[in-house]
There are 2 protein chains.
Amino acid sequence: MSRMTDTRAALAAFSALSQETRLEAFRLLVKAEPEGLPAGEIARRLDVPQNTMSAHLSTLTGSGLVLSRREGRSIIYRADLTAMRGLTAFLLEDCCRLDRETSAPALACLAAAGCETDKNGAC
Amino acid sequence: MSRMTDTRAALAAFSALSQETRLEAFRLLVKAEPEGLPAGEIARRLDVPQNTMSAHLSTLTGSGLVLSRREGRSIIYRADLTAMRGLTAFLLEDCCRLDRETSAPALACLAAAGCETDKNGAC
DNA sequence: TCGATATATCCAGATATATGGAAATATAAT
DNA sequence: ATTATATTTCCATATATCTGGATATATCGA
């Protein structure tokens, strides 16, 4: 399920990214791939109280754009590039009116253009 | 200025697309390219009161994703595919960490993959 | 077990957004 | 001029979101 199948997921993703702190956090996490970052570190870097940041991270996680795992006392957050790719595909299918069959190679094309690839070869 | 240069524009765009009625309206407008649709028609198709729709269209216009022009008594709304492309590029630069120079051909690549092209050959 | 660290949850006030009735504006036709 | 049409603006209410203090939970080390 790497594709944003319904509007629901897209709405959640857009909503998550429509808040400054969350957008910054997400960009931070994308840059921090694939290691990810602990919640406290994110809060510190963005200079936001930890509980406020925690609420935002929860929103990001709920939107599907971010994943988390516990590691000792820390909780490590990671950007979910697959979901990100899905959101981009959703946008492309609207913007460029690409259908599913066409957008798949289009995304592969982006991968070829230099972006990070996962095990499936997509960006 | 076809590129989403700062976070401001991206935030406004994400915010505009994070509401169901607006997302539907935007998708409708993308499909209606390049003719566009009058406000009333959009309201009718989405079954939303015209003043409510007007407020949403105003938000979309303010975000830069949608353009409008008066035509007689009607006001015709159109999706701004250039802005749309900018938003996609913003996403790609985060997701795939493409820089400006790389994302340009990547977008052209998408155009080649079958999407609509404008006079500059981008999708 | 106790204290320290990392994070989440609870809660409430502040702020922003969504919604739609009523009235205003702009254009067109008669 | 008057009336009909298309849309916006005004305004108030309802709803959702943001924020951060206080507190709870979970894990680790001594």
Side-chain angles (χ1 to χ4, degrees), chain A residues 7-29 32 35-80, chain B residues 7-29 32 35-80:
Chain A
T7 14
R8 285 297 192 63
L11 275 172
F14 287 135
S15 183
L17 296 179
S18 71
Q19 205 278 340
E20 186 165 18
T21 302
R22 285 195 298 264
L23 182 56
E24 291 307 323
F26 184 70
R27 302 181 85 187
L28 212 52
L29 290 176
E35 298 82 13
L37 288 172
E41 177 67 16
I42 302 171
R44 213 169 307 118
R45 290 205 202 176
L46 299 184
D47 194 32
V48 170
Q50 68 85 206
N51 59 346
T52 300
M53 194 66 248
S54 176
H56 285 311
L57 288 171
S58 162
T59 299
L60 280 169
T61 301
S63 80
L65 287 171
V66 161
L67 300 171
S68 70
R69 69 173 190 279
R70 176 175 284 276
E71 199 161 286
R73 293 175 258 206
S74 298
I75 294 192
I76 310 295
Y77 285 89
R78 286 192 56 186
D80 184 339
Chain B
T7 16
R8 284 297 191 65
L11 275 172
F14 286 135
S15 183
L17 296 178
S18 71
Q19 205 280 338
E20 186 164 18
T21 302
R22 285 196 299 263
L23 182 56
E24 290 308 322
F26 185 70
R27 302 181 85 186
L28 211 53
L29 290 176
E35 298 82 14
L37 288 172
E41 177 67 18
I42 302 172
R44 211 169 308 117
R45 291 206 203 175
L46 298 184
D47 193 33
V48 171
Q50 49 89 21
N51 58 347
T52 299
M53 194 66 248
S54 177
H56 285 310
L57 288 171
S58 163
T59 299
L60 280 168
T61 301
S63 79
L65 288 171
V66 161
L67 301 171
S68 71
R69 69 173 189 281
R70 177 175 283 276
E71 198 160 285
R73 301 177 250 207
S74 298
I75 293 191
I76 311 294
Y77 285 90
R78 286 192 55 185
D80 184 340

query: Excluding sequence neighbours, so at least two apart, what forms side chain to side chain contact (heavy atoms under 4.5 Å, CB included) with B/S68?
result: B/I75, B/Y77
Atom-pair distance (CG on A/L23; C1' on D/dC18), nearest Å: 16 Å
Which heavy-atom pair separates [X] from [Y] by the least distance, and what is that distance?
X     : Y     : answer
A/E24 : B/T7  : OE2-CG2, 3.5 Å
B/A43 : B/Q50 : CB-CA, 4.1 Å
B/A25 : B/I42 : CB-CG2, 4.1 Å

- prompt: What pairs of residues pass the side-chain hydrogen bond (donor to acceptor under 3.5 Å, both in side chains) test when at least one of them lies in residues 14-23 of chain B, not counting sequence neighbours?
  reply: B/R22-B/H56
field: Within residues 39-48 of chain B or reaching into it, pairs that qualify as side-chain hydrogen bond (donor to acceptor under 3.5 Å, both in side chains) - sequence neighbours excluded
entry: B/E41-B/R44, B/E41-B/R45
- prompt: For residues 53-66 of chain B, which residue pairs qualify under salt bridge (charged side-chain N to carboxylate O under 4.0 Å, His left out), counting only residues two or more places apart or in two chains?
  reply: none
- request: Using the salt bridge (charged side-chain N to carboxylate O under 4.0 Å, His left out) rule, collect all pairs that involve residues 60-69 of chain B, keeping only residues at least two apart or in two chains.
  value: B/R69-B/E71
Using distance only, find each side-chain donor-acceptor pair of residues 60-67 of chain A under 3.5 Å and give its atom names and separation, not counting sequence neighbours.
from	atom 1	to	atom 2	distance (Å)
A/T61	OG1	A/L57	O	2.8
A/S63	OG	A/L60	O	2.7
A/S63	OG	A/L65	N	3.2

task: Measure the spacing between CG of B/D80 and CZ of B/F26 and express it to the nearest 0.5 Å.
output: 8.0 Å
message: How long is the straight-line distance from CG of B/L17 back to OG1 of B/T59, given to the nearest 0.5 Å?
response: 11.0 Å
field: Short side-chain N/O contact from A/H56 to OP1 or OP2 of D/dT19, under 4.0 Å
entry: yes
task: Check DNA chain D against residues 14-22 of chain B and give the residues with a non-hydrogen atom under 4.0 Å, in numerical order.
output: none
Pairwise N/O distances under 3.5 Å, protein to nucleotides 20-22 of chain D:
from	atom 1	to	atom 2	distance (Å)
D/dG20	OP2	A/T52	OG1	3.2
D/dG21	N7	A/N51	ND2	2.6
D/dG21	O6	A/N51	ND2	2.8

field: Close residues, residues 68-78 of chain A, relative to DNA chain C [heavy-atom separation under 4.0 Å]
entry: A/R73, A/S74, A/I75, A/Y77
- request: Please list, by residue number, the residues of residues 36-45 of chain B whose heavy atoms come closer than 4.0 Å to an atom of DNA chain C; answer none if no residue qualifies.
  value: none
message: For the helix from C/dT1-D/dA30 to C/dT30-D/dA1, what angle separates the axis at the start from the axis at the finish, each from five pairs, in steps of 10°?
response: 20°
message: Taking any atom closer than 4.0 angstrom to a non-hydrogen atom of chain A, what span of DNA chain C does the protein reach, first nucleotide to last?
response: C/dA4 to C/dT9
